[in-house]
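The shown structure was predicted, so the numbers you read here are calculated from the model rather than taken from an experiment.
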Protein chains: 2
Amino acid sequence: MDSKDRQIIRALQANGRMTNQDLAEKVNLSPSPCLRRLRILEESGAIRGFSADVDAKAYGLPITVFVRIRLERHNEEDVRRFESRVMGFDEVLECHVLTGAFDYQLRVVVPDLDAYEDFIRNRIHRIGGIASIDTTFVYGTVKKTSVFPAIA
Amino acid sequence: MDSKDRQIIRALQANGRMTNQDLAEKVNLSPSPCLRRLRILEESGAIRGFSADVDAKAYGLPITVFVRIRLERHNEEDVRRFESRVMGFDEVLECHVLTGAFDYQLRVVVPDLDAYEDFIRNRIHRIGGIASIDTTFVYGTVKKTSVFPAIA
DNA sequence: TAAGATTTGGCAGAACCTGCCAACAGAGCG
DNA sequence: CGCTCTGTTGGCAGGTTCTGCCAAATCTTA
């Protein structure tokens with residue numbers, strides 16, 4: 001991973017459908033080595049994939065929620081049970097393990113408040129072993145970018 | 001936005017570099033109308049763009065932090081000042097406006113703890129008007145997907 | 001300085017995209 | 001029921017892009 005690779009990554013974070021020719025021009029390479037570097041970045045896992053960035057409201061999911069959760073017990077079985085259940089919930093787009101007062105933060109998208117209540121009551125609480133839940137709704141978004149900062 | 005458009009969106013969230021031919025086959029259309037729908041979704045803003053999903057650690061940014069911030073005052077000028085400054089910080093990938101005890105949640109990526117301290121002291125606090133900051137480090141990630149849930 | 005290893009650039013065949021036009025399907029109306 | 005109008009679909013051809021290969025160039029190391 002050299003500075004050329006990071007240039008390629010940042011260009012593809014800004015525009016993931018850029019053609020290899022444009023990408024090559026942007027990073028001052030010819031198409032062949034540029035494509036080879038891209039394939040290596042994909043195969044090594046540095047680039048996990050490409051995806052469309054979609055307006056959740058336009059799609060029909062106007063409500064985004066950050067849900068912070070603390071478990072009652074942290075033994076291996078309860079943790080694995082919680083995590084494998086959460087992975088299966090389609091409305092959970094992200095689930096991070098945290099330092100601090102809560103164990104997890106989930107990013108959840110739902111079509112309306114009823115769906116959110118249903119999610120908490122019939123999916124999260126039914127996992128069992130939940131000590132507490134903190135719900136924070138997203139009002140608006142000031143900034144959202146996929147492009148990493150340049151580094152030395 | 002009909003069910004076909006949502007199929008297209010979900011397919012491109014799962015694989016943003018899928019060729020139009022594969023996409024057309026996946027949603028049971030021929031390439032022409034499929035490409036036209038895609039262009040309309042882009043022009044209408046439903047699809048904001050495409051981007052590479054990159055492993056932050058492999059890139060050289062192993063530390064991800066959620067920072068929750070409360071402002072001292074919420075008059076138009078202070079809010080605009082805060083938001084425009086935050087938009088200019090490259091290490092801030094997301095900034096959401098929240099309900100609840102804090103006003104904002106930022107997702108920040110940095111190469112090490114020194115860089116994080118520098119970010120808080122020399123960028124955030126220097127904005128002025130910050131009432132409180134709550135820092136939560138991300139230990140690990142259980143789930144991260146770009147694909148929205150299917151809706152009726 | 002020379003040998004070895006890695007990376008680069010260019011080329012040709014295959015795949016893909018793009019913009020156009022004709023054909024089809026569905027809603028509304030006499 | 002049949003007609004028209006509107007919106008959507010499918011197919012085609014020229015232009016662009018990708019892909020896999022080989023030779024040339026660059027960078028290390030001794």
### Task
Return no unless some side-chain N or O of R39(A) is found under 4.0 Å from OP1 or OP2 of dT19(D).
yes

### Message
In this structure, how many angstroms lie between the P atom of dA13(D) and the CG atom of L35(B), rounded?
### Response
19 Å

### Task
Quickly work out the M18(B) CE to dA15(C) C1' distance and round it to whole Å.
17 Å

### Message
Please determine whether a side-chain nitrogen or oxygen atom of R37(A) lies at a distance below 4.0 Å from atom OP1 or OP2 of dT8(C).
### Response
yes

## Note on the structure
Residues D55(B) and K57(B): closest non-hydrogen pair is OD1-N, 2.9 Å

## Note on the structure
Among dG11(D), dG9(C), dC18(D), the one nearest any side-chain atom of L29(A) is dG9(C)

### Message
Quick test of your reading of the model: are R48(B) and E42(B) salt-bridged, counting only N-O distances below 4.0 Å?
### Response
no

### Task
Test for a donor-acceptor pair under 3.5 Å between the base of dG10(C) and the side chain of S32(A), counting only N and O atoms.
yes

#### Entry: Distance, rounded to the nearest Å, where E25(B) contributes CD and dC17(C) contributes C1'
17 Å

### Along DNA chain D (nearest heavy atom to each residue), the more 5'-positioned of R17(B) and K4(B)
K4(B)

### Nearest-Å distance for atom pair CG/C1', residues L38(B) and dT9(D)
16 Å

### Message
Could you report the tightest heavy-atom contact between F102(A) and S132(A), atom names first, then the distance?
### Response
CE2-OG, 3.5 Å

## Note on the structure
Picking from dT9(D), dT8(C), dC16(C), the nucleotide nearest the side-chain atoms of R36(A) would be dT8(C)

### Task
Round to a whole Å and report the spacing from CD of Q21(A) to P of dA15(C).
18 Å

## Note on the structure
Between CG of N28(A) and C1' of dT8(C) the distance, given in whole Å, is 13 Å

### Message
Rounded to whole Å, how long is the line connecting atom CD1 of I40(A) with atom C1' of dT19(D)?
### Response
15 Å

### Query
For residues E83(A) and Y104(A), is any side-chain donor paired with an opposing acceptor at under 3.5 Å?
yes

### Task
For N20(B) and dC18(D), give me the distance from atom CG to atom C1', rounded to whole Å.
16 Å

### Task
Go through dC17(C), dG10(D), dT8(C) for me and flag the one nearest to the T19(B) side chain.
dC17(C)

### Pair R70(A) + D103(A), salt bridge at N-O below 4.0 Å
no

